[in-house]
Amino acid sequence: MSAEVLRRHCLRLEERLFWLETLIEGARAGTWQWNVQTGETCFNALWAEMIGYRLEELEPVSIDTWLSLVHPDDLARCEAALQAHFSGQAAFYACDARIRHRDGHWLWVRDYGRVVTRTPEGEPEWAGGIHIDISDHKATEARLEQALDDTRRLSERLRRMDVPCRLGGEEFAILLPETSLAGGLRLAEDIRRQVAALFFASARHERFHVSITGGVAVMLASDASGEEAIQRADAALYRGKHRGRNRVVAEATAATDPRE
C-alpha cells in the first residue's frame with residue numbers, strides 16, 4: 001500500500017470516527033464495551049454522566065460496576081435477553097432496565113448491544129452497545145396509562161353493552177352498540193376534554209399535558225364486518241392529526257348513514 005493510499009484511508013477513518021462521535025454526543029448515548037470472558041468493561045464519559053458521576057470516580061470499572069447499579073428486579077430479564085443473543089436466538093441484545101443514579105433515584109435506560117468477537121470455541125468474547133436514558137418516556141407512559149385507565153373505564157358513563165378496548169400501541173377504541181354518530185361524537189369529545197385537562201410531571205419535575213385525537217364512525221348496512229367501520233374511524237383519526245391534533249373528527253362517509 002502506497003503512502004498516498006494509506007493517507008487517504010486514514011483520512012476516511014478519521015472522518016468516520018468524527019461522525020460517530022458526533023452522533024453519540026447528539027443522542028446523549030452512554031457506550032459500553034465488555035469482555036464477556038474476563039469481565040473487563042469500558043464506559044464513555046456520557047454513561048457516567050447519565051447516572052451522576054464523572055467517569056474517573058467509577059474507575060476501575062468492570063462488569064461488576066453495572067451489576068452494582070442495575071435494579072435487582074431487572075437483572076433476570078437482562079440476563080435472559082443476553083443469553084438469547086449469545087445463543088443466536090436474537091440478532092441483537094435489547095432490554096430496558098433501571099439503574100441507580102448517584103442521588104439515589106432510579107432511571108430507566110434502553111440497553112442495546114451485540115457480540116463483536118467470539119473465542120475460537122465460539123463463545124462470546126467482546127460485546128458492545130449503548131445505553132439511552134428513557135426515564136421521561138417511561139414516566140410519561142405510566143402516567144398516560146393511568147390517565148387512560150381512569151378515563152376510554154368510564155364506569156359512570158358507559159352502558160353495560162359498550163365495549164372499551166385497546167387496538168395496539170397508543171390506539172384505543174370504544175364500541176357503542178345502538179348509538180348514532182352524534183352520540184359517538186359527544187362521548188369522544190367528552191373524553192378528549194378530560195384528557196386535555198390533565199397535567200403530568202416528568203422525571204425532571206417538568207410539567208406538561210397530553211392530548212388525544214379521536215375518529216368516530218358508524219357501521220353501515222353495507223359493511224361486511226365491524227373492521228370496515230374501524231378503518232373509517234382510523235382514517236378520521238389521521239385526518240384529525242393532520243388538522244393539528246387534539247380534536248375529534250367524524251368519518252368522511254357520515255352523511256350517507258341512513259340512521260342519522
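The first residue of the sequence shown is numbered 1, and numbering continues consecutively from there. This one's a predicted model, so the numbers in the text were calculated from it and none came from an experiment.
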Could you walk me through whether Thr41 and Trp66 pass the side-chain contact (heavy atoms from CB on, under 4.5 Å) check? CA-CA 9 Å; Thr41 309; Trp66 158 257; over 6 Å; no

Distance-minimising heavy-atom pair for Ala45 and Leu55: N-CD2, 4.2 Å

Could you give the distance from CG (Leu75) to CG (Leu67), rounded to the nearest 0.5 Å? 6.5 Å

In a check of salt bridge (charged side-chain N to carboxylate O under 4.0 Å, His left out) between Glu49 and each of Arg28, Arg54, Arg102, which one passes? Arg28

Do Phe92 and Val115 make a side-chain contact, defined as non-hydrogen atoms from C-beta onward lying under 4.5 Å apart? no

Val210 side chain near Ile212 side chain, heavy-atom distance below 4.5 Å: no

Check the hydrophobic clustering (I, L, V, M, F, W, Y; side-chain heavy atoms under 4.5 Å; chains of links allowed) and say if Leu220 and Leu181 are grouped together. yes

Counting only N and O atoms by type, is there a donor-acceptor contact under 3.5 Å from the side chain of Asp223 to the main-chain atoms of Ser225? no

Between Asp73 and Arg77, the two heavy atoms sitting closest are O-NH1, 4.4 Å

Using modelled atom types and a 3.5 Å cut-off, is there a donor and acceptor pairing between side-chain atoms of Thr38 and backbone atoms of Val36? no

Residues Glu251, Val216; criterion side-chain contact (heavy atoms from CB on, under 4.5 Å); working and verdict: CA-CA 6 Å; Glu251 61 173 322; Val216 181; over 6 Å; no

For Asn44 and Trp32, run side-chain hydrogen bond (donor to acceptor under 3.5 Å, both in side chains): C-alpha distance rounded to whole Å, both residues' side-chain angles, the deciding distance at 0.1 Å, then the answer. CA-CA 7 Å; Asn44 69 348; Trp32 54 268; over 6 Å; no

Within the distance-only criterion (no hydrogens, no angle test), does the side chain of Arg247 pair as donor or acceptor with the backbone N or O of Arg245 below 3.5 angstrom? yes

Can any side-chain N or O of Thr119 pair as donor or acceptor with the backbone N or O of Glu123 at less than 3.5 Å? yes

What is the distance from atom CD of Gln37 to atom CD of Glu125, rounded to the nearest 0.5 Å? 7.0 Å

Value rounded to 0.5 Å, distance of CD1 in Ile132 from CG in Leu46: 11.5 Å

Given 3.5 Å as the limit, does a donor-acceptor pair link the side chain of Arg114 with the main chain of His85, or not? no

Intermediate values then yes/no, side-chain contact (heavy atoms from CB on, under 4.5 Å), Phe43 and Thr65: CA-CA 10 Å; Phe43 300 105; Thr65 307; 4.3 Å; yes

At what distance, to the nearest 0.5 angstrom, does CZ of Arg239 lie from NZ of Lys241? 13.5 Å

Between Ile63 and Trp34, is any pair of side-chain heavy atoms under 4.5 Å apart? yes

Heavy-atom pair of closest approach, residues Asn246 and Ala196: OD1-CB, 4.2 Å

hydrophobic_cluster_shared for Met50 and Leu58, side chain cutoff 4.5 Å: yes

Are Leu82 and Ile99 linked, directly or through intermediate hydrophobic residues, by side-chain heavy-atom contacts shorter than 4.5 Å (ILVMFWY only)? yes

Ala217 to Ala233 - nearest heavy-atom pair and separation: CB-N, 3.6 Å

Out of Arg98, His131, His101, Lys138, which one pairs with Leu107 under the side chain to side chain contact (heavy atoms under 4.5 Å, CB included) rule? His101

At what distance, to the nearest 0.5 angstrom, does OH of Tyr112 lie from SG of Cys95? 10.5 Å

Connected via hydrophobic side-chain network under 4.5 Å: Leu175 and Met219: no

Output the distance between atom CG (Leu187) and atom CD1 (Ile174), rounded to the nearest 0.5 Å. 5.0 Å

Judged by atom type as modelled, is there a donor-acceptor pair below 3.5 Å linking the side chain of Arg159 to the main-chain atoms of Pro177? yes

Any side-chain to backbone donor/acceptor pair from Thr213 onto Leu237? Under 3.5 Å, distance only. no

Between Arg192 and Glu189, is there a salt bridge with N-O shorter than 4.0 Å? yes

Check for me, please, whether Ile130 and Val109 land in the same ILVMFWY cluster - side-chain distances under 4.5 Å, paths through other members count. no

Does a sphere of radius 6.0 Å around CZ in Phe86 hold more than 12 heavy atoms from other residues, nucleotides or ligands, not counting ones at 6.0 Å or beyond? yes

Looking only at heavy atoms, which two atoms of Val218 and Thr179 are closest? And how far apart? CG1-O, 4.4 Å

Quick check: does any side chain N or O of Asp103 sit under 3.5 Å from a backbone N or O of His105, one acting as donor and the other as acceptor? yes

Answer yes or no: is there a side-chain heavy-atom contact under 4.5 Å between Ser62 and Glu40? no

Full working for side-chain contact (heavy atoms from CB on, under 4.5 Å) between Trp106 and Val70: CA-CA 9 Å; Trp106 296 97; Val70 70; over 6 Å; no

